Amino acid sequence: MSSGESDDDSLQLSAQTMGALLEFYKEQEERADKLRQIEEGDIPEFFEENWNMSQFWYSEETAKSLAEECLRAAGNHGSIACVSSPTLYRMLKKMDHNCSIKLLEYDTRFAVFKDDFILYDFKDPLGIPRELFENFDVIVADPPYLSEDCFTKTAATVKYLMKPNAKIIVCTGSVMEELAGRLLGVTKCRFKIEHVNSLSNPFLCYANYNLDHYKS
Ligand SMILES: C[S@@+](CC[C@H](N)C(=O)[O-])C[C@H]1O[C@@H](n2cnc3c(N)ncnc32)[C@H](O)[C@@H]1O
């Protein structure tokens with residue numbers, strides 16, 4: 001112990017070190033668990049919402065209704081990109097169809113979906129595989145944050161992914177309406193988006209085509 005340092009200080013230090021060590025082992029264990037799940041193709045029934053990642057899952061009914069619309073709009077052997085919308089992806093995965101589907105997500109728990117999972121961070125909007133350029137008939141995006149920066153970057157990803165004339169569906173807060181219209185040519189729909197846990201902000205669905213014609 002150096003002069004001036006009390007017994008209490010050294011105890012405090014070792015408690016902190018112990019805490020950091022435990023945290024490190026916990027993370028290692030979680031990582032090993034994730035890897036095991038991926039290797040074994042063990043897909044959890046339920047993914048808990050992580051509010052630190054701004055995760056608010058759609059209700060079963062909303063996910064089903066959106067998935068049906070995606071399949072209708074994509075057509076036979078179409079392609080659908082679920083951008084930051086894992087509940088929609090999981091619903092599509094359960095349904096009977098011949099479309100190809102990809103999930104672009106930041107939460108690595110969804111890597112259990114193997115080749116369908118594309119690790120994606122909205123902060124790096126074009127940091128996605130080149131083969132996905134202009135590849136999709138339908139893109140659904142539900143950006144994690146209600147900020148201009150997050151929406152603008154997500155919109156750049158959507159444009160990168162879309163085939164010419166692709167259908168775009170965006171689920172986001174009503175404060176994003178003007179920006180969404182300007183960047184992606186989407187307008188407000190009557191179709192209601194509901195969540196398992198209700199949100200405090202008004203939340204809407206936007207599309208670049210008349211989605212309500214098919215959903216009401
Ligand atoms: C508002 S939630 C939308 C989820 C959607 N309602 C659903 O049920 O599938 C936002 C999504 O963005 C994802 N996310 C969080 N941080 C992100 C990041 N940096 N880049 C891309 N996506 C992110 C979250 O994991 C979450 O799936």
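Sequence positions, counted from 1, serve as the residue numbers for this chain. Remember, predicted model here, so these are calculated numbers, not experimental data. As the structure lists them, so they are numbered: ligands from 1, and atoms in each ligand from 1. Note: hydrogens, waters and symmetry copies are ignored here, and every other heavy atom, side chains too, is used.
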Review point. By number and element, which atoms of ligand 1 are closer than 4.0 Å to a non-hydrogen atom of Y120?
Key: 20 (N), 21 (C)
Point to revise | Any N/O pair D107/ligand 1 closer than 3.5 Å | key: no
Practice item. Say whether W57 and V112 are linked into one hydrophobic cluster, either directly or through other cluster members, by side-chain heavy-atom distances under 4.5 angstrom. Key: yes
Revision key, fill the gap. Restricting to heavy atoms, the pick from C150, P125, P144 nearest atom 14 (N) of ligand 1 would be P144
Practice item. Any atoms of ligand 1 less than 4.0 Å from a non-hydrogen atom of D121? List them with their elements. Key: 18 (C), 19 (N), 20 (N)
Review point. Is there a side chain to side chain contact (heavy atoms under 4.5 Å, CB included) between F151 and L184 once you walk through the steps?
Key: CA-CA 10 Å; F151 196 91; L184 292 174; 4.1 Å; yes
Review point. Which heavy atom of R90 sits nearest a heavy atom of P44, and at what distance?
Key: NH2-O, 3.9 Å
Practice item. Considering heavy atoms of the protein only, find what lies nearest to atom 15 (C) of ligand 1 and give residue, atom and distance to 0.1 Å. Key: M53 O, 3.2 Å
**Study point:** Top protein contact for atom 12 (O) of ligand 1, by heavy-atom distance
**Key:** S84 CB, 3.4 Å
Study note, to complete from the structure: Nearest heavy-atom approach of C189 to L211 is SG-CB, 4.1 Å
Practice item. Please identify which atoms of ligand 1 are closer than 4.0 Å to at least one heavy atom of Q55. Key: 24 (C), 25 (O), 26 (C)
Exercise for review: Ignoring hydrogens and angles, state whether a donor on the side chain of E49 or W51 is under 3.5 Å from an acceptor on the partner side chain.
Suggested key: yes
Check your understanding: atom 27 (O) of ligand 1: which protein heavy atom is closest, and how many Å away?
Key -> E105 OE2, 2.3 Å
Check your understanding: With a 3.5 Å cut-off and no angle check, do the side chains of S84 and D142 form a donor-acceptor pair?
Key -> no
Point to revise | Reported OH-to-OG distance for the pair Y206 and S174, which is rounded to 0.5 angstrom | key: 5.5 Å
Point to revise | Contacting atoms of ligand 1, where contact means under 4.0 angstrom from a heavy atom of P86 | key: 9 (O), 27 (O)
Practice item. Mark up the atoms of ligand 1 that fall under 4.0 Å of a heavy atom belonging to T87, in ascending order. Key: 7 (C), 8 (O), 9 (O)
Exercise for review: Name the closest protein heavy atom to atom 17 (C) of ligand 1, giving the residue it belongs to and the distance to 0.1 Å.
Suggested key: Y106 CB, 3.4 Å
Review point. Quick one: which ligand 1 atoms are inside 4.0 Å of a heavy atom on S54?
Key: 1 (C), 2 (S), 10 (C)
Practice item. May I ask you to check whether over 12 heavy atoms, not counting those of E45, lie within 6.0 Å of atom CD? Key: no
Review point. What is the closest protein heavy atom to atom 20 (N) of ligand 1, and at what distance does it sit?
Key: F122 N, 2.9 Å
Review point. How close does the nearest protein non-hydrogen atom get to atom 6 (N) of ligand 1, and which residue and atom is it?
Key: F56 O, 2.7 Å
Review point. Do F191 and Y214 have their ring centres less than 6.0 Å from each other?
Key: no
